[in-house]
Student: 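Structure provided below as structure tokens; questions to follow.
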Amino acid sequence: MCIRLFGAYLLAGILLLLPIICYSDKASDYTFVREAKSTPAVVHFDYIGIGGGTTGCPLAATLSHGAQCFSLERGGSPYGNPNIINTENFAPTLLDTSPTCPAQQFTSEDGVFNIRTRVLGGGSALNARFYTRASTHYIKEVGWNQRMVDQSYEWVEKVVAFEPEICSGRRVLSEMHLYGTKVGGTIFIPRKITVYLHATVQKMLFRHIPAYGVIYKDAYGIIRHRAYLKRNSKKNRIVLSVGLLMISGMGSAFHLRAHSIKVVADCPMVGQGMADNPMNILFIPSPQPVEVSLVQVGLSNHFKHFLSQVSISPGVILEKIMGPLSRDHLALRNTNPNDNPFVIFNYFKEPEDLRKCIEGMKTIIDVVNSEAYSKFRYKYMPVEALIDLLLALPLNRRRKHANVTFSLEQFCIDTVMTICHYHGGCRVGRVVDKGYRVPGIDSLRVVDGLTFYRTRVLTLKLLHMGQRILHDGLLRGSKKKN
Ligand SMILES: Cc1cc2nc3c(=O)[nH]c(=O)nc-3n(C[C@H](O)[C@H](O)[C@H](O)COP(=O)(O)OP(=O)(O)OC[C@H]3O[C@@H](n4cnc5c(N)ncnc54)[C@H](O)[C@@H]3O)c2cc1C
């Protein structure tokens with residue numbers, strides 16, 4: 001599987017591809033978005049969402065139908081930030097290392113540079129805008145409702161996703177996510193959402209087993225804020241992303257005790273099974289100017305289209321492996337939610353992943369050597385020279401072996417990068433059940449990218465999960481059995 005990327009984000013910064021001013025979104029009037037430092041010390045809500053990212057925003061919008069919903073995001077607003085709203089700043093945003101920047105860099109134990117997001121909208125505010133539908137096989141496998149899935153795709157494709165268009169600029173998807181999410185055929189306008197920015201949740205609060213609230217820190221570093229679930233609410237839930245599970249006391253008891261964390265539930269599978277889609281690239285210098293754009297063509301469904309377009313668009317060609325079999329784990333280094341954890345993905349541990357990478361690279365080389373591509377590369381640079389050029393760049397922190405130019409197997413291993421599609425670590429059936437509950441903790445749902453085990457159909461999943469949680473609350477409200 002290959003994807004064409006004109007300006008792979010890390011390389012683009014290094015290689016200074018041509019900046020072209022394209023488009024920028026205007027900040028919307030978000031009266032429900034506030035700074036955490038100006039908030040009361042104690043608040044009560046029906047739902048508390050931790051993290052205002054790709055998962056958190058649409059979930060909050062969905063859950064706010066008929067309930068008071070509170071969303072806590074550790075980053076700031078993407079609006080007015082030129083690094084986020086303009087496509088040409090894609091690479092500089094990812095290379096920014098300032099303490100509050102939207103893209104918090106980390107390096108996995110594999111020696112591969114990676115990104116954690118820190119901004120309202122999360123990955124949707126930063127990412128490369130590549131969107132695909134999931135296969136019907138996948139939808140059946142995870143047990144989702146096909147009718148609702150189809151409806152959701154229609155909505156996503158009408159409101160959020162759009163056809164690739166060179167120089168169309170970036171859209172901040174969180175705007176769509178916060179304003180309305182379609183559930184069961186209706187667009188809800190989330191008047192009952194309150195979003196706090198620069199609100200870093202420190203941990204969840206448990207009374208015996210039920211989760212009943214969270215403690216969060218504001219931009220001044222003050223940890224006096226508390227948000228509690230309303231006691232008399234029929235619907236109350238905390239919905240969070242995974243990292244905080246361990247800090248809050250859910251994980252391997254052995255690991256938690258090593259960090260002096262009180263064990264709420266011994267869940268040894270939390271953090272296990274982490275995978276990341278490995279990415280390998282070739283950079284092909286072109287005698288012709290290269291226009292900057294993000295990932296806009298996926299070859300899974302559009303391979304023929306891609307090949308037909310190759311002659312007009314030189315640049316970087318990459319391949320990534322979707323749903324790699326190689327997996328490893330995530331563990332805490334300390335109890336600060338802002339610090340990066342220990343993460344190892346063990347890329348290419350499984351021979352099948354390596355086989356796919358070699359196949360992908362062979363396809364890329366065939367494209368580069370094709371007649372159609374010839375005017376977009378220098379004739380005196382054979383593929384070996386392109387590989388040598390790549391090796392001269394700080395792609396990762398891995399050892400480069402002597403045979404890397406001649407062995408595609410070694411090339412894959414030594415030059416592996418990431419496309420930031422890490423997943424696993426809190427898988428359905430291992431940590432959470434099909435309703436995204438940690439068994440035994442009814443007031444808690446864990447929904448984020450780490451609950452995936454294979455592919456990426458996030459927006460769709462959120463629409464589905466929001467409806468499930470709502471439905472669950474409504475059933476509880478009417479005293480029906482769960
Ligand atoms: C550079 C890049 C390019 C990508 N390109 C694509 C692409 O083209 N197509 C695609 O489908 N996917 C892409 N992805 C992946 C996609 O964006 C992610 O899979 C998705 O955003 C994950 O959603 P999430 O809700 O799990 O996490 P996020 O969207 O990262 O949201 C997590 C949020 O939680 C907040 N948070 C974390 N801890 C706390 C805390 N303690 N308190 C309060 N808030 C907290 C974070 O600040 C963040 O905003 C890309 C990702 C990156 C980084």
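When a residue number appears, it is its place in the shown sequence, counting from 1. Indexing begins at 1, ligand by ligand and atom by atom, following the structure's order.
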Student: Within the supplied structure, the quantity of interest is the number of heavy atoms (other residues, nucleotides, ligands) at a distance under 6.0 Å from Phe342 CZ; does it exceed 12?
Tutor: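 For Phe342, atom CZ is crowded (more than 12 foreign heavy atoms under 6.0 Å).
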Student: Which ligand 1 atoms, with their elements, are less than 4.0 angstrom from a heavy-atom of Leu72?
Tutor: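 Listed by number with element: 43 (C), 44 (N).
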Student: Just which atoms of ligand 1 are under 4.0 Å from any heavy atom in Asp448?
Tutor: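 Those of ligand 1 that fall under 4.0 Å from Asp448 are 26 (O).
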Student: Would you indicate which of Gly53, Gly52, Cys420 comes nearest to atom 31 (O) of ligand 1 when only heavy atoms are counted?
Tutor: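 Looking at heavy atoms only, Gly53 sits closest to atom 31 (O) of ligand 1.
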Student: Show the atoms of ligand 1 that are less than 4.0 angstrom away from any heavy atom in Gly123.
Tutor: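 Answer for ligand 1: 17 (O), 21 (O), 28 (P), 29 (O), 30 (O).
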Student: Scan side-chain atoms only and decide if Asp353 and Tyr347 contain a donor-acceptor pair under the 3.5 Å cut-off.
Tutor: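 Distance-only check fails for Asp353 and Tyr347.
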Student: What orientation do His255 and His259 show, parallel under 30°, tilted 30 to 60°, or perpendicular over 60°?
Tutor: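 Ring orientation of His255 relative to His259: perpendicular.
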Student: For Ala199, take its heavy atoms, then give the atoms of ligand 1 lying under 4.0 Å from any of them.
Tutor: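 Once the distances to Ala199 are compared, the set is 42 (N), 43 (C).
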Student: Looking at non-hydrogen atoms alone, which of Gly51, Gly75, Gly121 comes nearest to atom 34 (O) of ligand 1?
Tutor: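 Going through Gly51, Gly75, Gly121 one by one, Gly51 has the nearest heavy atom to atom 34 (O) of ligand 1.
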Student: OG1 of Thr200 to CD1 of Ile223: how many Å apart, nearest 0.5 Å?
Tutor: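 If we round to the nearest 0.5 Å, Thr200:OG1 and Ile223:CD1 are 9.5 Å apart.
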Student: Which atoms from ligand 1 have a heavy atom of Leu94 less than 4.0 Å away?
Tutor: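 What qualifies from ligand 1 is 1 (C).
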Student: What is the distance from atom CZ of Arg333 to atom CZ of Phe106, rounded to the nearest 0.5 Å?
Tutor: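 Atom-to-atom, Arg333:CZ and Phe106:CZ are 10.5 Å apart.
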Student: Passes side chain to side chain contact (heavy atoms under 4.5 Å, CB included), Gln272 versus Arg430? Steps please.
Tutor: CA-CA 9 Å; Gln272 299 299 317; Arg430 297 201 172 178; over 6 Å; no
